[in-house]
Amino acid sequence: RATWPKEWISQYGEEALVKSQQEADGWAAEVRGAMKHTWDGYRSKGWGHDEVQPSSGRTKDWCRMAVTMLDALSTLWIMGLHQEFEEA
């Protein structure tokens with residue numbers, strides 16, 4: 001609530017914003033769970049490789065820089081998956 005712009009509160013009302021936030025929190029938890037599932041799969045099957053091919057589960061290295069890991073860092077942090085970020 002503290003981060004809501006005053007304009008939002010005056011235009012939509014606090015009750016509507018709370019309801020909207022609660023709905024969004026559920027979706028965010030679902031997306032966070034999907035990211036965690038994906039990250040766990042990468043960690044178990046492709047750690048240190050550029051990518052894991054979804055249909056075969058085999059790894060592929062086209063850059064040899066753990067590109068998936070590097071690409072995921074900002075997403076892990078923003079989603080609050082700080083332990084996973086630190087492991088990477």
Side-chain angles (χ1 to χ4, degrees):
R1 292 180 183 181
T3 60
W4 294 341
K6 292 177 185 175
E7 295 82 8
W8 290 7
I9 296 169
S10 64
Q11 184 172 356
Y12 302 107
E14 194 168 332
E15 186 178 327
L17 291 172
V18 167
K19 184 178 178 184
S20 177
Q21 184 66 58
Q22 289 170 342
E23 186 177 349
D25 288 346
W27 293 338
E30 217 174 296
V31 171
R32 195 174 296 106
M35 180 61 181
K36 178 89 170 83
H37 172 78
T38 302
W39 182 255
D40 289 345
Y42 172 73
R43 190 174 56 210
S44 70
K45 294 189 179 210
W47 193 254
H49 294 280
D50 288 342
E51 66 181 75
V52 176
Q53 298 174 338
S55 57
S56 66
R58 286 187 240 133
T59 59
K60 186 175 180 182
D61 289 305
W62 49 276
C63 196
R64 294 193 169 106
M65 292 179 54
V67 173
T68 295
M69 189 183 309
L70 293 171
D71 184 48
L73 287 173
S74 59
T75 303
L76 291 168
W77 188 263
I78 290 168
M79 289 186 159
L81 298 171
H82 298 154
Q83 180 180 346
E84 289 79 359
F85 176 91
E86 293 298 332
E87 288 173 357

*Taking only residues two or more places apart in sequence or in another chain, which ones pass side chain to side chain contact (heavy atoms under 4.5 Å, CB included) with Asp40?*
Lys36, Arg43

*If you look only at pairs with a residue in residues 67-79, which of them pass as a salt bridge (Lys or Arg N to Asp or Glu O under 4.0 Å), with sequence neighbours excluded?*
none

*Other than Leu73, which residues form its hydrophobic cluster under the rule that side-chain heavy atoms must be closer than 4.5 Å?*
Val31, Met35, Trp39, Tyr42, Trp47, Val52, Trp62, Met65, Val67, Met69, Leu70, Leu76, Trp77, Met79, Leu81, Phe85

Contacts under 3.5 angstrom, residues 11-28 side chains, donor-acceptor by atom type, not counting sequence neighbours:
{"residue": "Glu14", "atom": "OE2", "partner": "Arg1", "partner atom": "NH1", "Å": "3.3"}
{"residue": "Gln21", "atom": "NE2", "partner": "Asp25", "partner atom": "OD1", "Å": "2.7"}

*Any salt bridge (Lys or Arg N to Asp or Glu O under 4.0 Å) pairs touching residues 57-67, not counting sequence neighbours?*
none

*Near His82 NE2, under 6.0 Å, is it more than 12 heavy atoms from other residues, nucleotides or ligands?*
yes

*Starting at CD of Gln53, measure out to OG1 of Thr59 and round the result to the nearest 0.5 Å.*
8.0 Å

*Set of residues satisfying side chain to side chain contact (heavy atoms under 4.5 Å, CB included) with respect to Pro54, sequence neighbours excluded*: none

*Grab the two heavy atoms, one from Ala66 and one from Gly48, that are nearest each other, plus how far apart they are.*
CB-O, 3.7 Å

*Pairing residues for Thr3 by the side-chain hydrogen bond (donor to acceptor under 3.5 Å, both in side chains) criterion, not counting sequence neighbours*: none

